[in-house]
Amino acid sequence: AYHKLMELLDFQGFETLWENVESQEIRQQMQNKLTKELQSLLESGKLSKEYAEMIQKEKILEFLGTECGRRMCRAAGRGKLFREKPFVIRIPAGRLQKEFPDTETVLIQGIIDAYFEEEEGIVILDYKTDRVGTMEELLERYRVQLDYYDEALSQLTGMKVKEKIIYSFALGGEMKWQGI
């Protein structure tokens, strides 16, 4: 449900609001806009009623107030936000397991939740809803996945990935590290 909403949400519409997110009035405007967005997605059939009921609006608002949420809103305003990007890359089989021959090729495919372009390069953002105790646990679980995203986007765009971010809706926080 969260992934679907993040795929469909009009981040550009929040761009002007995030700057004063600490203001109670602005926070109310953001909540009203999010409520209207959810209603519109429901009415259009893009978001199911079941999904809409699962989403805690507070968690979305919390995300929008984070550094990565604000950066995402700015990128949307510049037309530099990309979501649900499918990819396929080839890697030597030996990268998966040492016993596999490097002469064999394996295809890795996936879908990148979101990425956006900033002046110095690409930022990959992966949303997680896993119920875990720490951000480090998420990083351990998904580091290789984000490394494949890095490799795929570098090949597809010809641009450098400068940063990778995991955002946890369960923990309400983000973890970032530099690209390779």
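We number each residue from 1, following the sequence as shown. Heavy atoms only: backbone and side chains are in, while hydrogens, waters and symmetry mates are out.
- Of the inter-residue distances, the one linking L139 atom CG with K176 atom NZ reads 14.0 Å to the nearest 0.5 angstrom.
- Remark: F100 engages no residue in a ring-ring contact (aromatic ring centres under 6.0 Å, His included) (not counting sequence neighbours).
- Taking the side-chain hydrogen bond (donor to acceptor under 3.5 Å, both in side chains) definition, one finds that E174 meets it with nothing, sequence neighbours left out.
- Every residue two or more places apart in sequence or in another chain that forms a side chain to side chain contact (heavy atoms under 4.5 Å, CB included) with R95 is listed here: I91, P92, Y148, E151.
- For the atom pair R83 CZ and I111 CD1, the distance stands at 14.5 Å (nearest 0.5 Å).
- Note that CG of L5 and CD1 of I55 are 4.5 Å apart. Values are rounded to the nearest 0.5 Å.
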Derivation and outcome, side-chain contact (heavy atoms from CB on, under 4.5 Å), residues E67 and I165: CA-CA 11 Å; E67 180 189 348; I165 302 171; over 6 Å; no

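- You'll find the side chain of Y149 stays beyond 4.5 Å of the side chain of K164, heavy atoms only.
- In terms of modelled atom types and a separation under 3.5 Å, the side chain of R74 and the main chain of E118 share no donor-acceptor contact.
- Residues satisfying the salt bridge (Lys or Arg N to Asp or Glu O under 4.0 Å) test with D130, not counting sequence neighbours, are R141.
- Within the 4.5 Å cutoff, side-chain heavy atoms of V132 are placed close to those of L171.
- In this structure, OH on Y115 lies 5.0 Å from NZ on K85, to the nearest 0.5 angstrom.
- Y2 pairs by the ring-ring contact (aromatic ring centres under 6.0 Å, His included) definition with F169, not counting sequence neighbours.
- For the pair M135/L138, a side-chain contact is recorded, criterion being any heavy-atom separation below 4.5 Å from C-beta on.
- Pairing each heavy atom of A170 with each of R131, the nearest pair is CB-NH1, 4.1 Å.
- Atoms NZ and CD, on K128 and E137 in that order, are 13.0 Å from each other to the nearest 0.5 Å.
- The shortest heavy-atom contact between M72 and A114 is CE-CB, 3.9 Å.
- Listed here is the closest heavy atom pair of C73 and L64: SG-CD2, 4.0 Å.
- Contacts of K59 classified as salt bridge (Lys or Arg N to Asp or Glu O under 4.0 Å), with partners at least two apart in sequence or in another chain: none.
- Its side chain within the 4.5 Å cluster rule, V88 clusters with L107 among the Ile, Leu, Val, Met, Phe, Trp and Tyr residues.
- Residues M6 and I60 form a side-chain contact, since some pair of their non-hydrogen atoms from C-beta on lies under 4.5 Å apart.
- Annotation: side chain to side chain contact (heavy atoms under 4.5 Å, CB included) contacts of K4 (sequence neighbours excluded): E7, L8, L47, Y51.
- When the shell of 6.0 Å around CD of E120 is examined, it contains more than 12 heavy atoms from other residues, nucleotides or ligands.
- Under the salt bridge (Lys or Arg N to Asp or Glu O under 4.0 Å) criterion, E84 pairs with no residue at all, not counting sequence neighbours.
- The CG atom of L156 sits 9.0 Å away from the CD1 atom of I89 when rounded to the nearest 0.5 Å.
- Judged as a side-chain hydrogen bond (donor to acceptor under 3.5 Å, both in side chains), and not counting sequence neighbours, the contacts of K57 are T35.
- When each of I124, I122, V123 is paired with K162, the side-chain contact (heavy atoms from CB on, under 4.5 Å) condition holds for V123 and for no other.
- With hydrogens and angles ignored, the 3.5 Å screen pairs a side-chain donor or acceptor of E37 with a backbone N or O of D10.
- Among residues two or more places apart in sequence or in another chain, the side chain to side chain contact (heavy atoms under 4.5 Å, CB included) test is passed with E99 by Q97.
- Here the closest heavy-atom approach between residue P101 and residue A93 is recorded as O-CB, 3.4 Å.
- For the pair H3/D113, a side-chain contact is recorded, criterion being any heavy-atom separation below 4.5 Å from C-beta on.
- Heavy atoms only, all atoms of each residue included: F63 and C68 are closest at CE1-SG, 3.6 Å.
- With sequence neighbours excluded, the residues satisfying side chain to side chain contact (heavy atoms under 4.5 Å, CB included) with S154 are D150, V161.
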